[in-house]
Amino acid sequence: MATGGQTKRRTNQPPLAKGKTDSVPFKVAIVSWIDLLGYGGMIANAEFNPADRRSRVPISRLRAFHRIVAEHSARTFRTLVLNDGAAAYRDLSMRGPDVTCDFLTRSFAMFTAINALEKANGFPGARMVMAVGFRSKGSRRAIDYTSGHLNSILSRLENGLISAEQAVKEAGSIQRYFDVLPQLQANFAFTKAYLADSSGSKAGLGGPRFFVDDAVFEGVRVRK
């Protein structure tokens, strides 16, 4: 893992022509996993009881964390929040380093904003780990258990059995009993980042720091 802030550029990896990657059975993904340090201990001190007044502080901390993640999320920087942790993810381009640089910049901006607020409130901070790895293309084929209901609504609307207003109401009331984010399934970058963060100080990754997978900088050199 690297922690430096040096500017780097690609020098020895030729870009791939557009359309030449369609036959590749995988994508190269990048993921930044961040989580709040010491959050588990805070809710343990409140005896895992949200009604305990000691829970107010960790709940407030969690909501602030979610707000900052949401504020930094974008079309090219999508995120998934899981309680006191969040994953930002994107597929990388094989035609150049611009996507990688943009993701790195956005990740560091989110990390900085979260830790600035954490420090201001006297909290332990958050650790972020960025990693790259392969992601199976097949992971996009998520199971959609709502398609049958939607098809029924469209069919009845087309045959005049229900009004457009009724169709909208029914579609809005559909509940999902199973959910999955395809981009993070069979995503080895996500697994790598999560496991590295879980190892923490035992693996030399302690404290509220931003750690970057060395593989992010493969084939690049420091620009003088």
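Bear in mind that the values here come from a model prediction, so they are computed numbers and not experimental data.
- The minimum heavy-atom distance between Ala131 and Lys192, with the atom names listed, is CB-CD, 3.7 Å.
- More than 12 heavy atoms of other residues, nucleotides or ligands sit less than 6.0 Å from atom CZ of Phe123.
- Here the straight-line distance linking atom OG1 of Thr191 with atom CZ of Arg135 works out to 12.5 Å at 0.5 Å rounding.
- Residue Arg54 qualifies as enclosed at atom CZ: its count of foreign heavy atoms under 6.0 Å is above 12.
- For the atom pair NZ (Lys137) and NZ (Lys27), the distance works out to 5.0 Å, reported to the nearest 0.5 Å.
- Rounded to the nearest 0.5 angstrom, His66 NE2 and Asp84 CG are separated by 7.5 Å.
- Interatomic distance, Leu157 CG to Glu165 CD, rounded to the nearest 0.5 Å: 12.0 Å.
- Counting all heavy atoms, side chain and backbone alike, Leu184 lies closest to Tyr89 at CD2-CB, 3.8 Å.
- Taking each heavy atom of Ala126 and Phe111 in turn, the nearest pair found is O-CE1, 3.4 Å.
- For Arg90 against Asp102, the heavy-atom pair with the smallest separation is NH1-OD2, 3.3 Å.
- Remark: side-chain polar atoms of Asn159 are not paired, donor with acceptor, to backbone N or O of Leu161 under 3.5 angstrom.
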Would Phe108 and Phe210 count as a ring-ring contact (aromatic ring centres under 6.0 Å, His included) here? Give the steps.
CA-CA 7 Å; Phe108 187 69; Phe210 180 29; 5.7 Å; yes
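- Nearest heavy-atom pair across Val69 and Thr79 is CG1-OG1, 3.7 Å.
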Going through the checks in order, is the side-chain contact (heavy atoms from CB on, under 4.5 Å) test met by Ile174 and Ile153?
CA-CA 11 Å; Ile174 293 177; Ile153 294 173; 4.1 Å; yes
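- Side chain of Ser173 to main chain of Glu170: a donor-acceptor pair is present (N/O by atom type, distance under 3.5 Å, no hydrogens or angles).
- The CG atom of Asp197 sits 13.5 Å away from atom CE of Met130, with the distance rounded to the nearest 0.5 Å.
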Candidate pair Ile34 and Phe65, rule side-chain contact (heavy atoms from CB on, under 4.5 Å), full reasoning
CA-CA 10 Å; Ile34 185 169; Phe65 171 67; 4.2 Å; yes
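- Looking at every heavy atom in both residues, Val180 comes nearest to Pro182 through O-CD, 3.4 Å.
- Applying the side-chain hydrogen bond (donor to acceptor under 3.5 Å, both in side chains) rule to pairs touching residues 110-125 yields Arg61-Glu118, sequence neighbours excluded.
- Criterion: ILVMFWY side-chain heavy atoms under 4.5 Å apart, direct or through other members. Under it, Val81 and Leu117 are part of a common hydrophobic cluster.
- No donor-acceptor distance shorter than 3.5 angstrom exists from the side chain of Arg127 to the backbone of Leu37, with no hydrogens or angles considered.
- Proximity of a side-chain donor or acceptor of Ser55 to a complementary backbone N or O of Ala51 within less than 3.5 Å is not detected.
- More than 12 non-hydrogen atoms from other residues, nucleotides or ligands lie less than 6.0 angstrom from CZ of Phe77.
- Taking CG from Asp213 and CD1 from Ile30, the interatomic distance works out to 8.5 Å, rounded to the nearest 0.5 Å.
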